[in-house]
There are 2 protein chains.
Amino acid sequence: MPTQRQQEEREYRRRQILKGALVVFSKTPSENVTMVDIAKESGFGKATLYYYFDSKEAIVTELLIEGWQDLWVCIEPVLEASNSSKQIFIHVLQTIGEQIEKNRSLYEFLFNAPAHMPSHGEQPPEWKQYQVRLYTVLKGLLDDGMASGEFPHVNPQMMMRGIGGLFHGLFFLGTKPQKISKEEIEMLLNGIFNPPTEPTKTHEVK
Amino acid sequence: MPTQRQQEEREYRRRQILKGALVVFSKTPSENVTMVDIAKESGFGKATLYYYFDSKEAIVTELLIEGWQDLWVCIEPVLEASNSSKQIFIHVLQTIGEQIEKNRSLYEFLFNAPAHMPSHGEQPPEWKQYQVRLYTVLKGLLDDGMASGEFPHVNPQMMMRGIGGLFHGLFFLGTKPQKISKEEIEMLLNGIFNPPTEPTKTHEVK
DNA sequence: TTCCTTATCGACTGTGCGGTCGAAAATTAG
DNA sequence: CTAATTTTCGACCGCACAGTCGATAAGGAA
């Protein structure tokens with residue numbers, strides 16, 4: 001049986017591989033990432049990767065699950081706060097934004113890569129549940145907020161799509177990443193949440 | 001030399017192939033679309049596709065270019081109108097939305113697929129120019145509108161990302177497509193353009 | 001030292017897919 | 001009819017890549 005130190009080193013090497021994988025994923029469109037790339041980046045031979053992981057998908061899955069779990073650790077306390085639905089909603093998105101800034105490559109991977117993964121035709125992968133949960137929680141906040149009059153009464157589905165897209169665009173559109181402040185997020189969301197009821201047609205052009 | 005009718009039939013078969021390709025692309029994640037799929041869908045043998053097109057990329061490119069050109073035919077007149085920058089901006093997006101509703105699979109392809117294409121390491125592909133042009137035009141309207149006070153003075157880059165994402169989300173996020181009215185587009189954009197200067201903290205809950 | 005477990009990796013296999021080839025069918029021309 | 005041309009396609013080729021194998025090393029434990 002392996003000693004304590006051996007176990008630790010083994011775990012350390014796994015981490016190295018995952019780290020290398022993330023680097024590769026941040027440099028290469030996810031559909032072009034090969035095991036050889038990851039092997040080279042993390043300083044092992046290709047076959048060695050298979051000594052630590054069952055498959056390419058296993059690596060991806062582990063990255064995704066770890067990433068989502070980390071994110072949820074940050075989100076959960078925000079949900080506990082006894083604020084209005086609207087405040088919580090905004091705060092959740094701000095929190096996610098904060099995490100993205102801290103670890104861009106990870107979250108770019110989390111939010112962009114999954115769609116293009118082979119996904120072995122099976123039932124929905126484990127990491128997906130975290131994504132669904134996020135959607136559900138936000139949608140719930142939106143519904144509650146609409147019921148209590150904090151949000152305008154418009155199609156909540158549409159709202160979710162719009163906000164999801166807006167958020168994604170802010171952080172991931174364009175070539176060079178750009179810092180988005182919490183205030184900017186709040187401003188844009190407030191704009192969507194409190195649209196000017198009478199659209200300012202032909203705004204004054206002094 | 002081929003007769004008139006032969007030419008026409010040849011052209012017709014090309015169209016059939018393109019049509020079939022679009023069907024396949026609308027059913028399958030673009031990275032998994034194979035030539036055999038397209039061949040089967042359009043009712044030809046695989047080798048026949050190569051009689052009409054040079055490569056898989058040629059098919060994709062032709063779809064993209066045609067699609068973008070059609071779109072621009074709709075956009076151009078909107079730009080001619082002598083309205084305020086803001087009105088034109090909104091109207092352009094409404095027009096695009098309208099086109100999307102008319103031909104979802106085409107525009108889903110236009111706006112989603114390109115990123116995942118092999119893109120033979122060469123200079124930017126031809127269809128890209130149309131995309132850049134759209135970005136440029138919208139950005140220009142945004143800049144003008146800011147200069148004339150129609151839009152708030154915030155980072156225009158960020159604004160573009162946000163609006164781009166918002167729009168993309170509205171039409172393409174989620175599983176089942178949903179109709180988005182022109183009024184809804186206008187409302188959301190107005191919300192972003194005219195954010196409540198004093199965020200309605202703890203909105204009144206009558 | 002020898003024995004055994006853990007770790008590493010180059011070379012190989014299998015497969016899926018873009019693209020080609022050459023033969024055959026269909027169409028047109030004379 | 002025959003000959004020339006256009007169209008169709010199954011079978012094959014080459015390559016890239018996920019995954020495997022067997023040989024080799026590197027480290028204990030005795």
Side-chain angles (χ1 to χ4, degrees), chain A residues 1-21 24-25 27-64 113 116-122 125, chain B residues 1-21 24-25 27-64 113 116-122 125:
Chain A
M1 69 200 59
T3 82
Q4 173 70 15
R5 210 193 85 252
Q6 274 172 321
Q7 283 288 15
E8 280 168 9
E9 290 189 346
R10 186 180 166 82
E11 190 52 32
Y12 175 76
R13 290 185 212 110
R14 272 179 71 92
R15 275 279 141 67
Q16 286 304 110
I17 294 173
L18 289 174
K19 218 167 98 183
V24 176
F25 274 108
K27 285 196 288 202
T28 315
S30 51
E31 60 273 16
N32 300 336
V33 170
T34 80
M35 285 302 261
V36 180
D37 292 337
I38 300 177
K40 266 199 270 202
E41 180 65 39
S42 50
F44 293 92
K46 167 174 154 175
T48 306
L49 298 204
Y50 286 92
Y51 181 71
Y52 290 97
F53 295 91
D54 283 349
S55 64
K56 185 182 177 183
E57 199 184 344
I59 295 179
V60 169
T61 300
E62 190 151 334
L63 277 175
L64 288 173
H116 316 309
M117 290 299 152
S119 101
H120 279 308
E122 78 277 3
Chain B
M1 67 199 60
T3 81
Q4 173 71 14
R5 211 192 85 252
Q6 273 175 323
Q7 283 288 16
E8 280 168 10
E9 289 189 346
R10 188 181 165 81
E11 191 52 32
Y12 174 76
R13 287 182 214 115
R14 271 179 73 92
R15 275 281 143 66
Q16 286 304 110
I17 294 174
L18 291 173
K19 217 166 101 183
V24 176
F25 274 108
K27 286 197 287 203
T28 317
S30 52
E31 59 274 14
N32 300 336
V33 170
T34 80
M35 285 303 260
V36 180
D37 293 337
I38 300 178
K40 265 198 270 202
E41 179 64 40
S42 50
F44 292 94
K46 167 173 150 173
T48 305
L49 299 203
Y50 286 92
Y51 181 70
Y52 289 97
F53 294 91
D54 283 348
S55 64
K56 185 182 179 183
E57 199 185 343
I59 294 179
V60 168
T61 300
E62 190 152 333
L63 277 174
L64 288 174
H116 315 311
M117 290 299 152
S119 99
H120 278 307
E122 79 278 4

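Proteins come first, then strands; the chains are lettered A, B, ... in the order of their sequence lines, and each starts at number 1. Side-chain atoms are counted along with the backbone in the values below, which use heavy atoms only and exclude waters and symmetry mates. Please read all numbers here as calculations on a predicted model, not as lab measurements.
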Separation of D/dT8 atom P from B/Lys40 atom NZ, nearest Å, is 19 Å
Of A/Ala47 and A/Thr34, whose nearest nucleotide on DNA chain D comes first from the 5' end?
-> A/Thr34
Side-chain N,O (B/Tyr52) to OP1/OP2 (D/dT8) below 4.0 Å = yes
Atom pair CD (B/Glu31) and CG (A/Asn32), whose distance is rounded to the nearest 0.5 Å = 10.0 Å
Enter the inter-axis angle for the ends of the helix from C/dT1-D/dA30 to C/dG30-D/dC1 (five pairs per end, rounded to 10°).
-> 20°
With the side chain defined as heavy atoms from C-beta on, A/Met35 is closest, among D/dA18, D/dC9, C/dT8, to D/dA18
Going by heavy atoms closer than 4.0 Å, what residues in residues 11-21 of chain A are next to DNA chain C?
-> A/Arg13
Would you mind reading off the distance between A/Ile59 atom CD1 and D/dA18 atom P, rounded to a whole angstrom?
-> 10 Å
So, is B/Lys46 near the phosphate of D/dC9, with a side-chain N or O under 4.0 Å from OP1 or OP2?
-> no
To the nearest 0.5 Å, atom CD of A/Glu62 lies from atom CG of A/Leu18 at 5.0 Å
Does a side-chain N or O from A/Tyr51 land closer than 4.0 Å to OP1 or OP2 of C/dT8, or not?
-> no
Which of B/Gln7, B/Glu11, B/Arg13 passes side chain to side chain contact (heavy atoms under 4.5 Å, CB included) with B/Glu9? Answer is B/Arg13
How long is the line joining CD of A/Glu9 and P of C/dA7, in whole Å?
-> 9 Å
Between C/dT27 (P) and B/Arg10 (CZ): distance, integer Å = 16 Å
What heavy-atom pair brings A/Ile38 and A/Ile17 nearest, and what distance separates the two atoms?
-> CG2-O, 4.1 Å
Looking at B/Thr48, does any N or O in its side chain come under 4.0 Å of the phosphate oxygens OP1/OP2 on D/dC9?
-> yes
Of the listed nucleotides C/dG19, D/dC21, D/dG19, the one nearest the side chain of A/Lys56 = D/dG19
Round to the nearest Å and state the distance from B/Ile38 atom CD1 to C/dG19 atom P.
-> 10 Å
Qualifying residues under salt bridge (Lys or Arg N to Asp or Glu O under 4.0 Å), relative to A/Lys27, sequence neighbours excluded | A/Glu41
When the distance from CZ of A/Phe44 to P of C/dG10 is rounded to whole Å, what number comes out?
-> 13 Å
Output for pair (A/Ile59 CD1, A/Arg14 CZ), nearest 0.5 Å, gives 9.0 Å
CG on B/Leu64 to OG1 on B/Thr61, rounded to 0.5 Å | 6.5 Å
Between CZ of B/Arg10 and OH of B/Tyr52, what distance do you get to the nearest 0.5 Å?
-> 6.0 Å
Distance, rounded to the nearest Å, where B/Leu49 contributes CG and C/dG18 contributes P | 10 Å
Taking atom OH of B/Tyr50 and atom CE of B/Met35, what is their separation to the nearest 0.5 Å?
-> 3.5 Å
Stepwise, does the side-chain contact (heavy atoms from CB on, under 4.5 Å) test hold for A/Leu49 with A/Ser42?
-> CA-CA 9 Å; A/Leu49 298 204; A/Ser42 50; 4.3 Å; yes
Within the structure, does a side-chain N or O atom of B/Tyr50 lie under 4.0 Å from either OP1 or OP2 of C/dG19?
-> yes
Tell me: CZ of A/Phe53 to P of C/dT8, nearest whole Å?
-> 12 Å
